[in-house]
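For ligands, and for the atoms within them, numbers begin at 1 and follow the listed sequence.
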Amino acid sequence: MKKVAIITGASRGIGRECAKILARNGITVIASYNKSEKQARSLKEELKKENIEIDIFKADVTNKYEIKQMVEYVLQKYGKIDVLVNNAGISQIKLFTDITDDDWENMIKTNLSSVFYMTREVLPNMIHNKNGCIINISSVWGITGASCEVHYSAAKAGVIGMTKALAKEVGPSNIRVNTIAPGVIDTDMNKDLTKEELQELEEEIPVKRIGKPEDIANCVKWIVNDAYITGQTIQIDRRMDIKIIFYIQKRRHFVNVSF
Ligand code: NAP
């Protein structure tokens, strides 16, 4: 019987690539989106040309009622959920002292509370089936911390903590929970970086290139196919030295400040 996977934030970037790779590997995919309906439809069309059917579903991951509706839809149609990829997320570069209440709440809601809401809806079915694989997309900033991205780093660190704790709690039910912590990946999230900044970043990455969404999606596929690994945080790929992004952020935000 085919595995069933929900991937949040699958209209663009990393989530879109995860949807393609899992669907091409024979998994029934439900690709969720929020604002980018056109891109979600184009993903469905792209796969249809390869004779692969996927479902797309609009659900704002900050809204627990929309999440509930999506999970109910999937359970009614497919009867089970084997894989959950909590990928949807936002980023923001701001000085800590400029972060507003709204910035903070929006960041935590979208990048951390969403993982709680999604997982809470999906887990009862996984526990019932004694089978499940949850993959949370965090960030290397959740491990190292990033200057001018304190709220993002806090949310992503929270995802790592949630992964480790939940992995212990649901391991006996044969449910595995892992985190992938990407470095810099070529998606809309980094579209504001200049060509020069990207080149500087590449210098500090071991294989000397920015990651591609498929670099993350391939790891997602590997974790889904594995049957044992749990509670882990896999970094893809960690910079040997993270000082460059620090300088880029400083250049942009501290131009009038001396250290
Ligand atoms: P992206 O290209 O900007 O795509 C973000 C995706 O998240 C979109 O599909 C978007 O859907 C969805 N999303 C955002 N807010 C949402 C909401 N409230 N409800 C539902 N979906 C929502 O970003 P990406 O680079 O692929 O990032 C994917 C994940 O990887 C994020 O968690 C991000 O933090 C993490 N990450 C990325 C990088 C990187 O360098 N790119 C590095 C480390 C970690 P709509 O457009 O349909 O609203």
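- Ligand 1 has an N or O atom lying under 3.5 Å from an N or O atom of G9, backbone or side chain.
- For ligand 1, the atoms sitting less than 4.0 Å from at least one non-hydrogen atom of V61 are 17 (C), 18 (N), 19 (N), 20 (C), numbered in the order shown with element in parentheses.
- Closest to atom 44 (C) of ligand 1 among all protein heavy atoms lies S138 O, 3.1 Å.
- Within ligand 1, the atoms closer than 4.0 Å to a non-hydrogen atom of V184 are 40 (O), numbered from 1 in the order shown.
- If you number the atoms of ligand 1 from 1 as listed, the ones under 4.0 Å from a heavy atom of G13 come out as 2 (O), 26 (O).
- For the pair P182 and ligand 1, the shortest N or O to N or O distance does not fall below 3.5 Å.
- At a heavy-atom distance under 4.0 Å, only side-chain atoms of N190, from C-beta outward, approach ligand 1.
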* To do: May I have the step-by-step check of side chain to side chain contact (heavy atoms under 4.5 Å, CB included) for I223 and R176, ending in yes or no?
  => CA-CA 9 Å; I223 295 172; R176 296 175 303 109; 3.9 Å; yes
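- Close approach to D188 involves these atoms of ligand 1, each under 4.0 Å from a residue heavy atom: 2 (O).
- Considering backbone and side-chain N/O of S139, none are found under 3.5 Å from N/O of ligand 1.
- The ligand atoms of ligand 1 that sit less than 4.0 angstrom from a heavy atom of K35 are 45 (P), 47 (O), 48 (O).
- Against a heavy-atom cut-off of under 4.0 Å, A59 is close to the following atoms of ligand 1: 19 (N), 20 (C).
- Proximity of Q39 to ligand 1, defined as any heavy-atom pair under 4.0 Å, is not found for any part of the residue.
- With a heavy-atom cut-off of 4.0 Å, T110 touches ligand 1 through its side chain alone.
- A side chain to side chain contact (heavy atoms under 4.5 Å, CB included) with L112 is found for one member of N86, N136, V159 and no other, namely V159.
- Contact check on E149 versus K94 returns no salt bridge, with no Lys/Arg side-chain nitrogen under 4.0 Å from an Asp/Glu carboxylate oxygen.
- The option from N106, D60, T187 that lies nearest to atom 25 (O) of ligand 1, judged by heavy atoms, is T187.
- Of all protein heavy atoms, the one lying nearest to atom 10 (C) of ligand 1 is R12 NH2, 3.7 Å.
- Set against the non-hydrogen atoms of Y33, the atoms of ligand 1 under 4.0 Å away are 47 (O).
- Every atom of ligand 1 is numbered from 1 in the order shown, and the set under 4.0 Å from a heavy atom of I137 is 29 (C), 30 (O), 32 (O), 35 (C).
- The protein heavy atom nearest to atom 36 (N) of ligand 1 is Y152 OH, 3.6 Å.
- Geometrically, ligand 1 and G15 share no nitrogen or oxygen pair separated by less than 3.5 Å.
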